[in-house]
Amino acid sequence: MLNTMAAELISRSNRLGSDPKVTNFAGGNTSAKGFGTDPVSGLPVELLWVKGSGGDLGTLTGSGLAVLRLEAVRSLANVYPGVDREDEMVAAFDYTLFGKGGAAPSIDTAMHGLVDAAHVDHLHPDAGIAFATAADGEALTRQAFGKKVAWVPWRRPGFQLGLDIQAVKQANPDAVGCILGGHGITAWGDTSDEVEENSLWIIDTAAAYINEHGRAHPFGTTIDGYGPLPEAERRAKAAALAAHLRGIASEDHPQVGSFTDDGVVLDFLASSEHPRLASLGTSCPDHFLRTKVRPLVLDLPATATVADSIARLDELHAQYRADYRAYYDAHATADSPAMRGADPAIILIPGVGMFSYGANKQTARVAGEFYLNAINVMRGAEALSNYTPLSDAEKFGIEYWALEEAKLQRMPPPKPLAGRIALVTGAASGIGKAIAARLAAEGACVVIADLDLTKAQDAAAEIAGDTPHPTDIAVGIQANVTDEDQVQVAIDAALLAFGGLDIVVNNAGLSLSKSLLETTVADWDLQHNVMAKGSFLVSKAAARVLIDQKLGGDIIYISSKNSVFAGPNNIAYSATKADQAHQVRLLAAELGEHGIKVNGINPDGVVRGSGIFAGGWGAKRAAVYGIPEEDLGKYYAGRTLLKREVLPENVANAVFVLCTPDLSHTTGLHIPVDAGVAAAFLR
């Protein structure tokens, strides 16, 4: 059971962390001091509860708190070796933990433990950072807040910063908090309600001061031709650029993308000062750790063609990589971690919007949110003064900090398909849904395309599960694969949802069980349109993306053992499955030079969970074999060598294996998933 003080802290943290004006995802930390019972002595012991390393205030729970003995934390000041060795103090916190200590203590623990107040909030509000990054931030702080808020010059987070804030609070008895130069704000109070009130007062006062005293047009005048394109036009251009942009962002490491055409971004890019400000980069450590030191900005008007934009982006990317290498070489020491990658995390396209990138969709989305915060910070600082972020040397010190590297090394290894983006057709039920679920479970972002939009969205929600942002994992879209325009809309939706495409599974299908004489031209056309033509259309549209990205990829066809095995009353279905099977061979031969693998799966009858069988196909096949429909799965299993029924999950397993590095050299293959049907052996 949580201590009352800790419970109040979590409640306050959740309120503060859910308000975007207060802080951003995983930004800031909060603490409370109070008494617990020492289980060894049974006596009261003063404790510090503080948000642990890597947590998020908005979703903080008890397990996300570090719990330390307050007297021991404060005693560390007696052994502090000085600012040149302050990183050693992080390991020292382990000796102050209470019991198992909960979450790992963060670098900001000293700030919370050393400040003489029962409750402390350290936050990253846009309005507060605007003061922190203004050229004359200290003077502005006095003007806006008087004696109630002190100024602390920039210092990298750590033990010394905790000592600095401790001294500032002692020297300013009327202060309720401070502005941390280049960084954010810290507030304190005697109660949880008081510190929350003080935090919000600092933020609201800063915002009000900017609104009252700031210049009307801090980003300058509007540049002709750089204004936002109409919504449909800018989203179409975003989709047309997305694959190439992902290739740019993924030269060193494959990345997932996120796109926004938020008005904040569009207004910034339409303004005359955006090139200067973007080149200065972000300032708050939480910002540039996620957005890189600065973004890549296309220097062409919104009306530039896609072809011209791509050509210029390639030139800018080469320069960006050279500049980042120069930045690394200028500041790296013999002890610095190796360069993590020279590609941009943020790409800005005038008139269109912002693409942000990360190892997964959440990381990519959050990077974009942080750059939105950075734009708001620039606006506030420029309104009052001049935006003056940290120097590149200071940024490098944070980005390649040994403690930051250690945090990255503690992260769990990525799942096998992390960073990959899959599109599965006919995925609202049956085999397609099982495939989508398996790919998502292995770390892929999944687009579920189906004729029925509601069912596609429901399947996506089910696969994503109970997560704060389910669309970071799966999205459902409507697509009729027989319609070329709808197929392109589906591909574009995947590009705008996740930035690109790596895995395409042609699963959409249906079947009619009729003899040759009963099969009509309409029956024939329907099955060939959905499976043969549909697979062709999806593969063609997807191949353009895969080629443009230059990241390889997988196209997988869910064919059938009927593509090989000849049975009665099945002419239209089996013929179109044979068509799909040969498409695999043809495309494997054509797309191999681009690193794109094309393979197929040949299942036997998948009865349980199958939309095809539930739609009447099962009853008709059972009639052909002279058995009750409910025994069809058992019948199919009985005719196999392994005597096993084939389930949707068995097909999903085969798809997963084809997408792993274990089969990186396999293309043009058909994998039987039929429990052993000798008549369907591949020859």
Side-chain angles (χ1 to χ4, degrees), residues 21 23-24 27 122-157 161 164-165 168 172 175 177-186 202-221 264 267-269 271-289 291-295 297 327 330-331 346 348 370-399:
K21 80 173 183 181
T23 200
N24 28 44
H122 168 59
L123 305 166
H124 301 145
D126 296 346
I129 305 175
F131 276 75
T133 57
D136 48 354
E138 183 173 6
L140 288 168
T141 298
R142 285 196 301 271
Q143 293 166 19
F145 300 101
K147 295 182 178 181
K148 290 192 68 175
V149 176
W151 173 266
V152 178
W154 159 258
R155 188 182 293 280
R156 191 174 71 175
L161 180 60
D164 291 351
I165 299 175
V168 163
N172 295 272
C178 56
I179 300 288
L180 309 181
H183 190 162
I185 72 165
T186 296
I202 293 172
I203 296 166
D204 290 341
T205 300
Y209 189 88
I210 293 169
N211 289 336
E212 182 178 351
H213 298 278
R215 289 178 292 180
H217 302 289
F219 289 156
T221 58
V264 171
D267 290 346
F268 176 65
L269 293 174
S271 302
S272 58
E273 294 301 310
H274 86 261
R276 173 181 65 85
L277 293 168
S279 69
L280 292 173
T282 52
S283 186
C284 175
D286 268 29
H287 291 185
F288 60 76
L289 280 174
T291 65
K292 274 294 194 22
V293 178
R294 53 186 56 85
V297 185
Y327 156 79
H331 303 294
I346 303 291
L348 302 174
F370 272 84
Y371 201 78
L372 281 172
N373 293 125
I375 293 173
N376 290 331
V377 167
M378 293 176 197
R379 178 185 291 108
E382 286 285 304
L384 295 176
S385 175
N386 292 308
Y387 173 64
T388 310
L390 300 175
S391 69
D392 279 0
E394 291 291 348
K395 289 177 184 177
F396 184 89
I398 295 287
E399 186 177 1

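In what follows, every heavy atom counts, from backbone to side chain, and hydrogens, waters and symmetry copies are set aside.
In this structure, Phe268 and Phe219 have perpendicular ring planes: the angle between them is above 60°, well past the 30° mark. Ring-plane geometry between His183 and His122 is classed as perpendicular, the angle between the planes exceeding 60 degrees on a 0 to 90 degree scale with a lower cut at 30.
Proximity of Met378 to Thr133: side-chain heavy atoms (C-beta onward) are nowhere separated by under 4.5 Å. Side-chain contact between His124 and Val377 is absent, with no heavy atoms from C-beta onward closer than 4.5 Å. For the pair Pro218 and Tyr387, the minimum side-chain heavy-atom distance is 4.5 Å or more. Side-chain atoms of Val152 and Leu161, non-hydrogen and from C-beta on, do get closer than 4.5 Å to each other. In this structure the side chain of Arg156 reaches within 4.5 angstrom of the side chain of Trp154, judged on heavy atoms.
Considering CD of Glu273 and CG of Leu280, their distance stands at 10.0 Å, rounded to 0.5 Å. To the nearest 0.5 Å, atom CD1 of residue Ile179 and atom OG1 of residue Thr186 are 9.0 Å apart. The NE2 atom of His331 sits 7.0 Å away from atom OG of Ser391, with the distance rounded to the nearest 0.5 Å. Distance check: Glu212 CD to Thr205 OG1 gives 11.0 Å after rounding to the nearest 0.5 Å. The CG atom of Asn373 sits 7.0 Å away from the CD1 atom of Ile129 when rounded to the nearest 0.5 Å.
Checking side-chain atoms of Ser271 against main-chain N and O of His274 turns up no donor-acceptor pair under 3.5 Å. A donor-acceptor pair under 3.5 Å is absent between the side-chain atoms of Lys148 and the main chain of Ile202, judged by distance alone. Between the Thr141 side chain and the Gly137 main chain, a donor and an acceptor come within less than 3.5 Å of each other. Within the 3.5 Å criterion, the main-chain N or O of Arg276 finds a donor-acceptor partner in the side chain of Ser279.
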Between Val293 and Phe396, does the side-chain contact (heavy atoms from CB on, under 4.5 Å) criterion hold? Intermediate values first, please.
CA-CA 8 Å; Val293 178; Phe396 184 89; over 6 Å; no
side-chain contact (heavy atoms from CB on, under 4.5 Å) assessment of Tyr209 paired with Leu140
CA-CA 10 Å; Tyr209 189 88; Leu140 288 168; 4.3 Å; yes
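In summary, the side chains of Glu399 and Tyr327 do present a donor paired with an acceptor at a separation below 3.5 Å, with no hydrogens or angles considered.
The environment of His213 atom NE2 is dense: over 12 non-hydrogen atoms of other residues, nucleotides or ligands sit within 6.0 angstrom.
A search for side-chain contact (heavy atoms from CB on, under 4.5 Å) contacts involving Pro295 returns Ala278, Val297, Ile346, Leu348, Tyr371, not counting sequence neighbours.
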